[in-house]
Amino acid sequence: MSINISLPDGSIKTYAKAVTALEVATEISPRLADAAICAEVNGKLVDLDHLIEADSKLVLHTFKTEPGQEVYWHSTAHLMAQAVKQLYPEVKVTIGPAIEFGFYYDFDRDTPFTDDELIKIEDRMKELIKANHSYSRRELSKAEAMDIFAKMNESYKLEILAEIPDTDVISTYTQGDFIDLCRGPHISSTGKIKAVKLLKTSGAYWRGDEKNKMLHRIYGISFPSNKELTEYLAFLEEAKNRDHRKLARDLDLFSINDEVGPGLVLWHPNGAMIRHLIEAYWKEEHLRKGYKLVYTPHVGRSKLWETSGHLGFYKENMYAPMEIEEQDYYIKPMNCPFHIAIYKANHHSYRELPIRLAELGTVYRYERSGVLHGLMRVRGFTQDDAHIICTPEQMDTEVDKLITFSLDMLKHFGFKEFMIYLSTRPEGSVGEAEDWDAATESLRRSLEKQGLDYKVDEGGGAFYGPKIDIKIKDALGRAWQCTTIQFDFNLPARFNMEYIGADNTPHRPYMIHRAVLGSVERFFATLLEYHSGNLPLWLCPTQVMVIPITDNQLEYANKLVEKLQLLGLRTEIDTRGEKIGYKIRDAELKKIPFMCVVGKNEEANNFVTLRQHTIGDLGSMDFDDAVKTIRSHQ
RNA sequence: GCCGAUGUAGCUCAAUGGUAGAGCAAUUGAUUUGUAAUCAAUAGGUUGGGGGUUCAAUUCCCUUCAUCGGCUCCA
C-alpha cells in the first residue's frame, strides 16, 4: 500500500509508508524544511512532525502565509508565557493568541508589568530561544488535562477545560519546563524564533468582559529575521508620522480644546476648507444621483425618541435631556427620526418612490472617556447621512446604485483598496423573517453582480436589519470603516410609515439607512492618514504659494496671485523678508502642492518658475503652461 | 468606565526637594536674498486644576481634569 501526497503545484509524491510533513518538505528542499512553520493536511493545520498515514493534500506554510504567521506568533506567545512563569511563578496564565500583527498573552497577577520587567522577560525569552526547546504535542483525556492543570493551580485553564465537550480531543504543548493547554499547531522548536520584541502592556478583562477580573496583557511581535523586525519597527515609526493628530498640528487643521470639552472638534481655517470641499463635492454628487437635501434640528422632544425607540435601546449613548417649557428635549444621536418626520409630513404615492433624503447631519453621542481618539472617535460628529425609502420592487436597483455610488465616491478621494462585509441577522432582531431574507439576498445579489470580494459576518447585522459595510485600507494596512448600508425594519413600523400603492391601499415602504463617508470627522482623519497629509490638489486649502525672491518682485508676484485666484486656484503669497530657501522649506513643510518662484528673470520674461511639492524644481515657463501643469494634477 | 503611562512656553523636549531652561515658532531690527532653516535682540510660565507634607515642591503624597496605549479576535 502506498500513500499519495498531492502538493499545491499539482504534483503528487508517493510514499511506501507514513511520512511526516517535515520529511516531505525536506525532500522538496532543505530550505523549505527550514522555513516551514506548520503544515496543512486536507485543510487542517497540523504540526510539522504530524504523521501522514493516508492519501492527502499537503500545504506547507512558511512565515510568508497567514496561517504560518499565526502559528509562528502563537508559538512566540507560548514562549513568552514560559519566560513569565519562570521569572514570576506566582502568575497565572490565561490565553495568548496571535493577532493581526504579533501576539499577546494575558496574565493574572496583582500588579501590572513594568517596562523593566518587560526587558527581563524579553531577555529570558532570548535565552529560551538559544536553548532551542522543541514544542511537543500530547493528546489526552479531559480528566487527565484537568488533573494536570489543577496540580499547577492554573484556574483559568481549568475554566477553559470545563467548557470543552468531554468527547473532544484535548491537547497540550510542552516546551522545556512549560506546559500549556493548546489546540496547536506550533512551530517545531523555540530556536525557530529569530527576532522578538515585547511592545507594550495593558489591562484587559478576562474574556473581554468588564464584569470580570482585569488581567495584565503583554503585546509582542516576532520574526524569522532581525531585518524583518527592524522593518516592522520602522513601519510603526512611519505610522506615527502619519497619525492624523500629528498632521493636524503640523498643518493647523483642527484642535480639541480642554475647556471646550473632550471629543468636541474645533475646525481651524485650513481644516475647515478641506471639510468644506469634501462636503461641497458630496452635496453635488448626491444631487446628481437623485437625492434631496434636507436640514433638521439638533434637538427633539422626548416623544420623538420614545417613538423611535432610542430612549429604550440607545439611551446610554444619549446625553441627558434639557427641559424647555416643562418638556424634555434630547440632543440628537441620530438623524433618522427627523428624516422620517419629513417623509411623514406628506402623503406619498408609490409613484414618488424612491425618495432619497440626504443630510450632513451633526449628531452627539456619549462615548466613554477611554475610547476617544482624535477625529476617529469623538462625541460630536457629522454623518453623511441619507435615508432611502422605496418599494420592495425597487430595493434591488437601489442597493445596486448605492454600492456603485459609495465605491465611486471613495475612489474619487484616492482610495483604492476596500474590504467589504455583509452582516446578516443577529439573535434578538426585530422585523419579519421574509423581509430579512429579501433584504439580505438583495445585498448579496448586488455584491455578486458587481463581482466584489466580500466577507459574510454571520449574525453581525444590527437588530433592525442586515447591512453592508465598506472599510478602507490605508497604506499601512489598517482598516477603517466608512460606508455602511443598512436596512431598517424597525423605524418604518414604529413610525407607521406608509405609501399608497397602485391598489390604492397603504403599504409599508422599505427604508435603507446609509452613510458613504461614515462621518465627516472619521473620513477626514482617514483621508489625511491615507495620503500622509499630501492631499489631492482639489482638496488642498492652499494649492499654490507664490514666492517672490526679493521685494522688487512684489508687484509682479501680487499680479500673479490675482491671476491665479481668478482662475479658481487657491493661492497665497509669502512676502516675508526671508531667503528663498527658507520660504520654500516652509511651503514644503506645509505640503503645499505648487510653488511659484518669481525673481527678476521671471519678471523680465513674464515667466514663472514652478516647483512641485516633494518633486522639486519644474523649471521656468510662461503663465499658461504653469496653469496647465498645475491643473494636470487636478 | 477599567488598567497603565503621560501632562513644564504656541510646538518638541531639559531641569529629582533649593531663583524653571534650550531649539523651533512669535515680535522687533538688520539683511533683499535663486530652490528645504541669514544674523541679532526681545518677549513668552501660578510647571493641567485643587489640596496636603516641608523652612522650601515642577520634583514627594492625595484628589480631579485631560491626553496617549490597551480592554472582540475561543486553549
Side-chain angles (χ1 to χ4, degrees), chain A residues 70 74 77-78 81 93-100 103-106 111-115 142 145 149 154 156-164 168 170-173 179-184 186 199-219 240 243 245-246 249-250 252 255-263 316 366-374 457 460 547-554 575-590 595-602 609-620:
Chain A
E70 232 183 278
H74 185 190
H78 274 230
V93 295
T94 68
I95 60 164
I99 50 177
E100 194 179 358
F103 59 88
Y104 68 76
Y105 209 115
D106 286 344
T111 53
F113 293 96
T114 64
D115 289 350
K142 185 166 162 180
F149 290 101
E154 292 290 7
Y156 292 89
K157 294 293 173 188
L158 292 175
E159 197 180 322
I160 294 162
L161 270 169
E163 286 172 17
I164 301 177
D168 277 23
I170 308 278
S171 57
T172 61
Y173 277 78
I179 177 164
D180 202 352
L181 176 68
C182 185
R183 185 162 43 204
H186 278 286
L199 298 166
K200 60 196 173 189
T201 57
S202 91
Y205 299 103
W206 170 234
R207 304 202 145 160
D209 188 337
E210 57 189 83
K211 290 188 199 85
N212 290 337
K213 184 166 184 187
M214 177 149 297
L215 307 170
H216 299 290
R217 175 172 296 182
I218 303 176
Y219 286 92
K240 236 187 244 172
D243 192 308
R245 293 166 298 188
K246 180 180 174 347
R249 238 197 325 274
D250 295 348
D252 196 15
S255 61
I256 292 173
N257 179 303
D258 208 20
E259 216 171 325
V260 173
E316 58 190 39
Y366 169 69
E367 297 285 356
R368 299 198 289 179
S369 53
V371 305
L372 299 174
H373 179 93
D457 182 2
I547 302 176
I549 288 177
T550 75
D551 288 353
N552 296 327
Q553 289 84 44
L554 272 183
T575 57
R576 292 176 298 179
E578 296 288 352
K579 288 167 90 167
I580 176 130
Y582 181 91
K583 296 195 221 179
I584 283 174
R585 177 182 155 79
D586 212 50
E588 287 284 354
L589 290 176
K590 284 184 182 147
M595 286 153 256
C596 276
V597 178
V598 289
K600 60 176 187 298
N601 297 336
E602 284 78 5
T609 298
L610 211 54
R611 182 191 164 98
Q612 194 180 347
H613 173 54
T614 71
I615 307 270
D617 196 351
L618 300 181
S620 295

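Letters go in sequence order (proteins before strands), and every chain restarts at 1. Since we're looking at a predicted model, the values are computed, not measured.
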Asks: In the 5'-to-3' direction, what one-character label does each nucleotide of nucleotides 29-41 of chain B receive under the scheme B = base within less than 4.0 Å of a protein heavy atom, S = sugar-phosphate only, - = no such atom?
Replies: --BBBBBBBB---
Asks: For Ser620(A), give me all partners under side-chain hydrogen bond (donor to acceptor under 3.5 Å, both in side chains), at least two apart in sequence or on another chain.
Replies: Thr609(A)
Asks: Is there a Watson-Crick or G-U wobble partner for C11(B) with both distances under 3.5 Å, and if so, which one is it?
Replies: G23(B)
Asks: May I ask you to say whether Asp252(A) pairs ionically with Lys590(A), meaning some side-chain N is under 4.0 Å from a carboxylate O?
Replies: no
Asks: Can you list the residues that meet the side-chain contact (heavy atoms from CB on, under 4.5 Å) rule with Asn601(A), with sequence neighbours excluded?
Replies: none
Asks: Could you let me know what U38(B) is paired to, Watson-Crick or G-U wobble, both distances under 3.5 Å, or none if it's on its own?
Replies: A30(B)
Asks: Who passes side-chain hydrogen bond (donor to acceptor under 3.5 Å, both in side chains) against Ser369(A), sequence neighbours left out?
Replies: none
Asks: Who are the ring pair (Phe, Tyr, Trp, His ring centres under 6.0 Å) partners of Tyr219(A), not counting sequence neighbours?
Replies: Tyr104(A)
Asks: For A5(B), give its Watson-Crick or G-U wobble partner with both distances under 3.5 Å, or none.
Replies: U67(B)
Asks: How long is the line joining CD of Glu100(A) and P of U72(B), in whole Å?
Replies: 15 Å
Asks: How far does the P atom of G70(B) sit from the matching atom of C11(B), given to the nearest Å?
Replies: 23 Å
Asks: In B/S/- notation, 5' to 3', how is nucleotides 61-71 of chain B contacted by protein heavy atoms closer than 4.0 Å?
Replies: -----SSSBBB
Asks: At under 4.0 Å between heavy atoms, what does Phe113(A) touch on the DNA or RNA strands: base, sugar-phosphate, or nothing?
Replies: nothing
Asks: Rounding to the closest angstrom, what is the interatomic distance between U28(B) and U64(B) at atom P?
Replies: 46 Å
Asks: List the residues meeting side-chain hydrogen bond (donor to acceptor under 3.5 Å, both in side chains) with Tyr156(A), not counting sequence neighbours, and say none if there are none.
Replies: Asp108(A)
Asks: Please evaluate residues Glu163(A) and Arg207(A) with respect to the criterion salt bridge (Lys or Arg N to Asp or Glu O under 4.0 Å), reporting the C-alpha separation (whole Å), side-chain torsions for both, the decisive distance (0.1 Å), and the verdict.
Replies: CA-CA 13 Å; Glu163(A) 286 172 17; Arg207(A) 304 202 145 160; 2.8 Å; yes
Asks: With both distances kept under 3.5 Å, what pairs with A43(B), Watson-Crick or G-U wobble?
Replies: none
Asks: Whom does A57(B) pair with, Watson-Crick or G-U wobble, provided both distances fall under 3.5 Å?
Replies: none
Asks: Write down the distance separating the C1' atoms in A57(B) and U19(B), rounded off to the nearest Å.
Replies: 14 Å
Asks: Between Arg245(A) and Asp243(A), does any side-chain N to carboxylate O distance fall below 4.0 Å?
Replies: yes
Asks: Please give, in whole Å, the distance from C74(B) P to Asp168(A) CG?
Replies: 16 Å
Asks: Measuring only the P atom in each nucleotide, how far is C13(B) from C2(B)? A whole number of Å is fine.
Replies: 28 Å
Asks: Using a heavy-atom cut-off of under 4.0 Å over every strand shown, decide if Leu161(A) touches base, sugar-phosphate, or nothing.
Replies: nothing
Asks: In whole angstrom, what separates Phe103(A)'s CZ from C74(B)'s C1'?
Replies: 19 Å
Asks: Say you pick atom C1' in G69(B) and the same atom in G10(B); how far apart are they, in whole Å?
Replies: 26 Å
Asks: Could you pull out all residues at least two apart from Glu578(A) that satisfy side-chain hydrogen bond (donor to acceptor under 3.5 Å, both in side chains)?
Replies: none
Asks: Please report, rounded to the nearest Å, how far the P atom of A25(B) is from the CG atom of Asp252(A).
Replies: 16 Å
Asks: Can you sort out the partners of Arg576(A) under salt bridge (Lys or Arg N to Asp or Glu O under 4.0 Å), two or more places apart, ordered by chain and number?
Replies: Asp574(A), Asp586(A)
